[in-house]
**Q** 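Here it is: the structure, laid out below.
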Amino acid sequence: MSHDLFEAARGAMKFAHAPYSKFPVGAAIRADDGRIYTGANIENLSFPQGWCAEPTAIGCMIMGGGKKIVEMAVIAEKRALCSPCGGCRQKIAEFAQASTRIYLCDEAGVAKALTMDELLPFSFEAEILG
Ligand code: THU
């Protein structure tokens, strides 16, 4: 069931620190340990120092002991189907598989499901780096 992930992402969005863009974003990960980890975007007066909701959630997952993203939801109150930015796609891919589903939400729930492969096709791979 993805509705619990939607609700977790929506709840996380309330913690956004987005005084500059005024564009709160929430993210929720169901990890391989069965737990849900959440995040919001955290901006900074020095604009490039802010970061997105997705890496906040990834950081919480890693520090909570989760190792892999089983599925993930993203929501923005000002934009239905808010899609992870390019940098976030690469960050998500680090802990996901090609088939991992990413849910884009509107105010009612999950509105679109994409696989990681659809979200980040022809992604960077370098066996030599491990
Ligand atoms: N943002 C996210 O949190 N995730 C994304 O994937 C896209 C953008 C945030 C960054 C910034 O705080 C605000 O949305 C406007 O770009």
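Just follow the structure's listing: the first ligand is 1, and inside any ligand the first atom is 1. Computed over heavy atoms, backbone and side chain alike; hydrogens, waters and symmetry mates excluded.
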**Q** Consider side chain to side chain contact (heavy atoms under 4.5 Å, CB included). Of Leu81, Val110, Val74, which one does Cys105 pass it with?
**A** Val110
**Q** Tell me the nearest of Ala53, Ser21, Ala57 to atom 13 (C) of ligand 1, using heavy-atom distances.
**A** Ser21
**Q** In the protein, what heavy atom is nearest to atom 4 (N) of ligand 1, and what distance, to one decimal place, separates them?
**A** Glu54 OE1, 2.9 Å
**Q** Which heavy atom of Arg89 sits nearest to which heavy atom of Pro84, and what is that distance?
**A** NE-O, 2.6 Å
**Q** Can you confirm, on distance only, whether ligand 1 has an N/O atom lying under 3.5 Å from any N/O atom belonging to Cys85?
**A** yes
**Q** Are the aromatic rings of Tyr103 and Phe6 close, with centres under 6.0 Å apart?
**A** no
**Q** Just by distance, no angles: are the side chains of Glu43 and Ser21 close enough, under 3.5 Å, to form a donor-acceptor pair?
**A** yes
**Q** What are the atoms of ligand 1, with element, lying closer than 4.0 Å to any heavy atom of Pro84?
**A** 6 (O)
**Q** Any donor and acceptor pair, going by atom type alone, linking the side chain of Lys14 with main-chain N or O of Gly11 inside 3.5 Å?
**A** no
**Q** Is at least one protein non-hydrogen atom found at under 4.0 angstrom from atom 16 (O) of ligand 1?
**A** no
**Q** Between atom NE2 of His17 and atom CH2 of Trp51, what is the distance when rounded to the nearest 0.5 Å?
**A** 9.0 Å
**Q** Using distance alone, decide if ligand 1 has a nitrogen or oxygen within less than 3.5 Å of any nitrogen or oxygen in Trp51.
**A** no
**Q** What protein heavy atom lies closest to atom 12 (O) of ligand 1? Include the residue and the distance to one decimal.
**A** Glu43 OE2, 2.5 Å
**Q** Can you tell me the protein heavy atom closest to atom 9 (C) of ligand 1 and the distance?
**A** Asn41 ND2, 3.6 Å
**Q** Among all protein heavy atoms, pick out the one at the shortest distance from atom 10 (C) of ligand 1; state its residue, atom name and that distance to 0.1 Å.
**A** Cys52 SG, 3.9 Å
**Q** Report yes if some heavy atom in the side chain of Leu104 is under 4.5 Å from a heavy atom in the side chain of Leu114; otherwise report no.
**A** yes
**Q** Does the residue Ala18 have a heavy-atom contact with ligand 1, meaning some pair of atoms that are separated by less than 4.0 Å?
**A** no
